[in-house]
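Since we're looking at a predicted model, the values are computed, not measured. Proteins get letters first, then strands, A, B, ... in listed order; numbering begins at 1 in each.
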There are 2 protein chains.
Amino acid sequence: MYQYEYPRPALTVDIVLFAMYQQQLQVLLIKRADAPFVGKWALPGGFVDMDETIDKAARRELEEETGLTKVFLEQLYTFGAVNRDPRDRVVSVAHFALINRDNHQIKSGSDASDAKWFDFDKIPKKLAFDHKQILKVAIERMRGKIRYQPIGFELLPKKFTLSQLQSFYETVLDRELDKRNFRKKILRMGLLDPLEEREKSASGRPAQLYKFNRKKYNQLQRQGFHFEI
Amino acid sequence: MYQYEYPRPALTVDIVLFAMYQQQLQVLLIKRADAPFVGKWALPGGFVDMDETIDKAARRELEEETGLTKVFLEQLYTFGAVNRDPRDRVVSVAHFALINRDNHQIKSGSDASDAKWFDFDKIPKKLAFDHKQILKVAIERMRGKIRYQPIGFELLPKKFTLSQLQSFYETVLDRELDKRNFRKKILRMGLLDPLEEREKSASGRPAQLYKFNRKKYNQLQRQGFHFEI
DNA sequence: TGTTTAAGTGTATTTTGTACACTAATTCAT
DNA sequence: ATGAATTAGTGTACAAAATACACTTAAACA
């Protein structure tokens, strides 16, 4: 038992883990094994330990529940509504994470009875806690961020085609982009290196593969360059 | 005394309160009356109560320490380094607040032995806790936000001149802008209503006063308009 | 070999960004 | 009353970027 002079909220982290799969933006949810909200879908997350930073807690929980390490992860927002957890006052630092499903395989962990990818537009109407609201903030952040930060490359395979990249922007922004103008704009920045390889496609002309040149991006950024789509 | 099965960090809020005064970006700091860091300058802030949201806590603390209400306030980042408070594990949700000093008068409150405005570039080298780091994140957010959100109007008087507005952008972005191009761009948006009045100036030609048309901004924003400087 | 599929390419027009220097309205000192 | 000092206010030419738009190319497969 731990005693304090004043009452304290419990502190947790939650993670909105996005992936791009088959032209769909997806989110990983976990079926709750315990009360409250048993059987409901929820974001991966858990309690912050006393000897770890918040970032560490988020990474640890993500690893425990999915096996994933080394993902792109940043703070989203801290949710502190008084009754967001029916048992107790719980404040949660929500996070925003990105992976590509081709490089990372999910292993269902011990805490979770089940982990499953949902297409963003097919997420169950009711989620545990205020997780629906957290998802809303996450997608807003995503839409805002995508325009001026090169986060798409976290979600795509290392080697990708311009069509895949365009499709990512179209999916997240939820509108169509002109193919020629998109290519002109993205290639003009000089951040994509064409590879020797071409895609082995099921049908149609094989596409040129590119990779994102992060070194060059970091360098340009130091010189005041602003990525923008 | 309050007992919990697992240990919990204490939860606080801190507020970076910005103002624009005499062409200078300023921040309000409070001289600490109690340990730890007695006598050091610190951000206003304090503990989150069990029956209030985080936003409420930030507003309450700001009011207690400065008398200010109805300020522009939003979450900045949650700081959770393990040893950021030497006494105990304390996690702090930092906030970002904007006022204009002409409309709001500071009253030094009970918690604080002293509250003082500092020019942003003349802040003491050492502040209490990790508040220097919080300020660094705050100014970065400010520089990022200013470009695509009309936050300058929170810091300027309700009636302002285009020179004042330009000066604000120049101060925060720390570079000079072309007067004619700046005016063209900002007026083209149609968000500034010219007033009948002119400024009574100490010297030089009196300037046209404008006010920000928030109603129109909200309306345009719903139609997908993006403010950008 | 021709049908299907997706990749890849250029140009003209409009819009926006940028660089740049003088005139206008007021105060203040003499 | 006059001119010196101070700040506000204005337009245009050129460059760069955004936008709209349709056909050709390379492969797979029947």
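For the contact set between residues 142-161 of chain B and DNA chain D, defined by any heavy atom under 4.0 Å, there are no members. Applying a 4.0 Å cut-off to non-hydrogen atoms, the residues of residues 176-191 of chain A that approach DNA chain D are A:Asp178, A:Arg180, A:Asn181, A:Lys184, A:Lys185, A:Arg188, listed by residue number. Within residues 217-229 of chain A, no residue has any heavy atom under 4.0 Å from DNA chain C. Looking at residues 203-210 of chain B, you'll see B:Ser203, B:Gly204, B:Arg205, B:Pro206, B:Ala207, B:Gln208 sit with a heavy atom under 4.0 Å from some atom of DNA chain D.
Pairs of residues two or more places apart, or lying in two chains, that qualify as salt bridge (Lys or Arg N to Asp or Glu O under 4.0 Å) and include a residue from residues 143-155 of chain B are B:Glu74-B:Lys145, B:Glu154-B:Arg214.
Whole-Å rounding puts the A:Lys200 NZ to C:dA7 P distance at 16 Å. Rounded to an integer number of Å, the gap from CD of B:Glu199 to C1' of C:dT27 is 13 Å. In this structure, B:Gln164 places its CD atom 12 Å from C1' of D:dA8, rounding to the nearest Å. For the pair A:Gln166 CD and C:dA7 C1', the computed distance is 11 Å after rounding to whole Å.
Ring orientation note: the planes of A:Phe153 and A:Phe160 are tilted relative to one another, at an angle of 30° to 60°.
Between A:Glu64 and A:Arg60 there is a salt bridge, since at least one side-chain N of the basic residue sits less than 4.0 Å from a carboxylate O of the acidic one.
To the nearest 0.5 Å, atoms OH (A:Tyr169) and OG1 (A:Thr171) are separated by 12.0 Å. For the atom pair CE of B:Met142 and CG of B:Leu25, the computed distance is 5.0 Å after rounding to the nearest 0.5 Å. From A:Phe37, atom CZ reaches atom NZ of A:Lys126 across 9.5 Å, with rounding to the nearest 0.5 Å. For the atom pair B:Arg84 CZ and B:Phe79 CZ, the distance stands at 8.0 Å (nearest 0.5 Å). Atom CG of A:Leu127 sits about 12.5 Å away from atom CD1 of A:Ile30, to the nearest 0.5 Å. Distance check: A:Arg183 CZ to A:Lys179 NZ gives 5.5 Å after rounding to the nearest 0.5 Å.
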Using distance only, find each side-chain donor-acceptor pair of residues 98-105 of chain A under 3.5 Å and give its atom names and separation, not counting sequence neighbours.
from, atom 1, to, atom 2, distance (Å)
A:Asn100, OD1, A:Asp102, N, 3.3
A:Asn100, OD1, A:Asn103, N, 2.9
A:Asn100, ND2, A:Leu156, O, 3.3
A:Arg101, NH1, A:Gln26, OE1, 2.6
A:His104, ND1, A:Asn100, O, 3.3

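Proximity of the aromatic rings of B:Phe212 and B:Tyr210 is defined here by a centroid distance below 6.0 angstrom, and this criterion is not met.
Checked by atom type and distance alone, the side chain of B:Gln75 never pairs as donor or acceptor with a backbone atom of B:Ala94 at under 3.5 Å. Looking at A:Arg141, its side chain never comes within 3.5 Å of a backbone N or O of A:Phe96 through a donor-acceptor pair.
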